[in-house]
2 protein chains.
Amino acid sequence: MKREFAVIGLGRFGGSVCRELSREGMEVLAIDTTESKVNEFRNIASHAVIADATDEKVLKELGIRNIDHVIVAIGEDIQASILTTLMLKELGIKKITVKAQNDYHEKVLIKIGADQVIHPERDMGKKIAHSIISSNILDHLELSDDHSIVEIKASNKIVGRTLVDLDIRANYGCNVVAIKSGESKEINVSPMATERILDGDTLVIIGADKDISRFEKQLVIED
Amino acid sequence: MKREFAVIGLGRFGGSVCRELSREGMEVLAIDTTESKVNEFRNIASHAVIADATDEKVLKELGIRNIDHVIVAIGEDIQASILTTLMLKELGIKKITVKAQNDYHEKVLIKIGADQVIHPERDMGKKIAHSIISSNILDHLELSDDHSIVEIKASNKIVGRTLVDLDIRANYGCNVVAIKSGESKEINVSPMATERILDGDTLVIIGADKDISRFEKQLVIED
Ligand SMILES: Nc1ncnc2c1ncn2[C@@H]1O[C@H](COP(=O)(O)OP(=O)(O)OP(=O)(O)O)[C@@H](O)[C@H]1O
Ligand SMILES: Nc1ncnc2c1ncn2[C@@H]1O[C@H](COP(=O)(O)OP(=O)(O)OP(=O)(O)O)[C@@H](O)[C@H]1O
Ligand SMILES: [Ca+2]
Ligand SMILES: [Ca+2]
Ligand SMILES: [Ca+2]
Ligand SMILES: [Ca+2]
């Protein structure tokens with residue numbers, strides 16, 4: 001069941017969206033004003049066209065009306081982003097996601113009917129700030145205000161020990177849901193209690209934030 | 001225990017990193033060549049200075065040597081990003097994180113000693129693509145190229161059934177690592193096999209992407 005998407009603006013963000021949708025087998029129409037960008041996506045997207053999305057005639061000719069979900073990833077040119085969104089809305093596109101530059105831009109986009117407004121740089125900045133504060137936490141998924149899943153690098157206090165030996169569940173109230181091997185880069189999503197943690201491994205841990213941070217303080221931060 | 005950070009380049013990404021580190025009580029030195037950017041951070045960062053980070057003399061005068069971790073978030077000007085990283089390395093900064101524009105940029109950064117290279121737009125693009133493909137997938141943590149953790153809304157094909165009854169592990173190769181209750185908003189990070197899934201619940205599932213997508217196709221997408 002392929003669905004139809006269009007990505008307008010193939011910068012780093014829009015390009016990545018286009019690439020990932022295509023990799024997952026989706027039909028994607030890729031649009032950019034810059035020929036070199038479009039060429040980059042000729043063998044990736046189902047269709048890649050050089051076009052100015054602020055030109056309503058062009059949008060119509062591309063059959064954009066038949067597309068379920070359009071992602072507008074035009075960056076610096078806020079006016080083009082707004083104008084494109086407005087026209088997509090008028091053409092009756094059901095779902096429009098737009099990348100915003102700032103709060104003012106977001107406000108206008110919502111007013112004119114964007115369904116979803118995103119701030120990739122801002123969101124990623126927050127995420128990175130948290131991983132920087134705790135340099136052992138490689139990645140982080142917030143499940144709720146007080147629960148998370150984190151990827152933690154195995155410290156020398158952990159390497160060589162087994163899960164049953166560490167008894168993380170009883171001692172810290174967290175669960176190890178996966179182990180990423182540093183060497184093979186493989187992921188074991190059903191680690192056994194007898195699993196021995198090796199140098200370079202990453203533990204994927206779920207739990208309450210306070211439990212994770214206790215675990216981290218006692219077992220991860222190297223003296 | 002405040003640690004000292006510096007953020008060079010206060011664009012959307014660097015600005016967000018600076019804001020979040022400051023919000024978490026960290027000491028941050030904010031640097032940008034553009035006066036208006038620096039003014040924006042005067043009341044946010046511990047120090048905010050207008051300076052060109054490619055000027056070694058300036059970096060020294062700012063006492064950057066005493067800073068534990070420097071984040072280089074210079075964007076378009078790849079040359080400035082590389083030169084700044086090189087000088088920070090020569091000044092003996094222990095931890096240098098750099099935002100890259102593309103793979104070539106990343107390669108050079110690693111060669112000259114950057115400790116961490118990040119691609120905020122690319123990573124966020126992937127994340128958004130996944131949430132776009134499946135509106136049932138509420139959130140997504142990429143563990144590797146082919147493994148993820150996802151939050152999936154319980155569909156009517158699942159509600160009322162137990163984990164043992166669904167036998168997700170045997171049937172789909174994925175594990176349910178947590179259940180978020182729709183009602184109490186509580187999170188159970190050690191769901192038992194006899195746990196019954198209720199309306200409004202969200203399942204947190206870990207597995208290979210292909211297994212998760214098979215699970216989703218058969219048990220989540222409503223007919
Ligand atoms: N009117 C338009 N129609 C189609 N594409 C456009 C239009 N205006 C700009 N673009 C394209 O949008 C893309 C993204 O724009 P820009 O580089 O300004 O954004 P950005 O926020 O810096 O991107 P990123 O951070 O994701 O790399 C560019 O490749 C640009 O050519
Ligand atoms: N040599 C330099 N020293 C200090 N700051 C610099 C230097 N060169 C550029 N900057 C600043 O870095 C910031 C980010 O650069 P730029 O806007 O090119 O990146 P970007 O990738 O488009 O950013 P974002 O997507 O995060 O908004 C800008 O505010 C710019 O003024
Ligand atoms: Ca950007
Ligand atoms: Ca910019
Ligand atoms: Ca840019
Ligand atoms: Ca990751």
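When heavy atoms are compared at a cutoff of 4.5 Å, B/Arg19 does not approach chain A at all. Proximity to chain A (any heavy atom under 4.5 Å) is restricted, for B/Val204, to the side chain, taken from C-beta onward. Heavy atoms closer than 4.5 Å to chain A are found in the backbone of B/Asp145, but not in its side chain. Using a 4.5 Å cut-off between heavy atoms, B/Ile128 touches chain A through its side chain atoms alone. Looking at A/Glu142, only its backbone comes within 4.5 Å of chain B, counting heavy atoms on both sides.
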Working for side chain to side chain contact (heavy atoms under 4.5 Å, CB included), residues B/Glu76 and A/Glu76: CA-CA 12 Å; B/Glu76 253 104 289; A/Glu76 253 103 288; 3.1 Å; yes
Pair B/Glu20-A/Arg122, side chain to side chain contact (heavy atoms under 4.5 Å, CB included): steps then yes or no: CA-CA 10 Å; B/Glu20 196 69 10; A/Arg122 188 190 289 180; over 6 Å; no
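Heavy-atom pairs under 4.5 Å with chain A peak, among B/Lys180, B/His119, B/His140, B/Lys99, at B/Lys180. If you tally non-hydrogen atom pairs under 4.5 Å between each of B/Gly15, B/Ser190, B/Ser213, B/Gly14 and chain A, the highest count goes to B/Ser190. For the set B/Arg23, B/Arg169, B/Lys127, the count of heavy-atom pairs under 4.5 angstrom toward chain A peaks at B/Arg169.
Here the closest heavy-atom approach between residue B/Ala129 and residue A/Leu21 is recorded as O-CD2, 3.7 Å.
The environment of B/Asp199 atom CG is sparse: at most 12 non-hydrogen atoms of other residues, nucleotides or ligands sit within 6.0 angstrom. Other residues, nucleotides and ligands contribute over 12 non-hydrogen atoms within 6.0 Å of the CD atom of B/Glu24. Within a 6.0 Å radius of CG in A/Asn171, other residues, nucleotides and ligands contribute more than 12 heavy atoms.
A donor-acceptor pair under 3.5 Å links the side-chain atoms of B/Asn175 to the main chain of A/Val189, judged by distance alone. Proximity of a side-chain donor or acceptor of A/Lys126 to a complementary backbone N or O of B/Ser16 within less than 3.5 Å is not detected.
Atoms CG and OG1, from B/Leu143 and A/Thr202 in turn, are 10.0 Å apart once rounded to the nearest 0.5 Å. Remark: B/Ile71 CD1 to A/Ile132 CD1 distance equals 3.5 Å, nearest 0.5 Å. Put simply, CD1 on B/Ile187 and CD1 on A/Ile206 are 7.0 Å apart, with the number rounded to the nearest 0.5 Å. Note that CZ of A/Arg12 is 12.0 Å distant from CG of B/Asp123, once rounded to the nearest 0.5 Å.
Counting only heavy atoms from C-beta outward, the side chains of B/Glu151 and A/Leu141 approach each other to under 4.5 Å.
B/Arg214 is linked by a salt bridge (Lys or Arg N to Asp or Glu O under 4.0 Å) to B/Asp211, counting only residues two or more places apart in sequence or in another chain.
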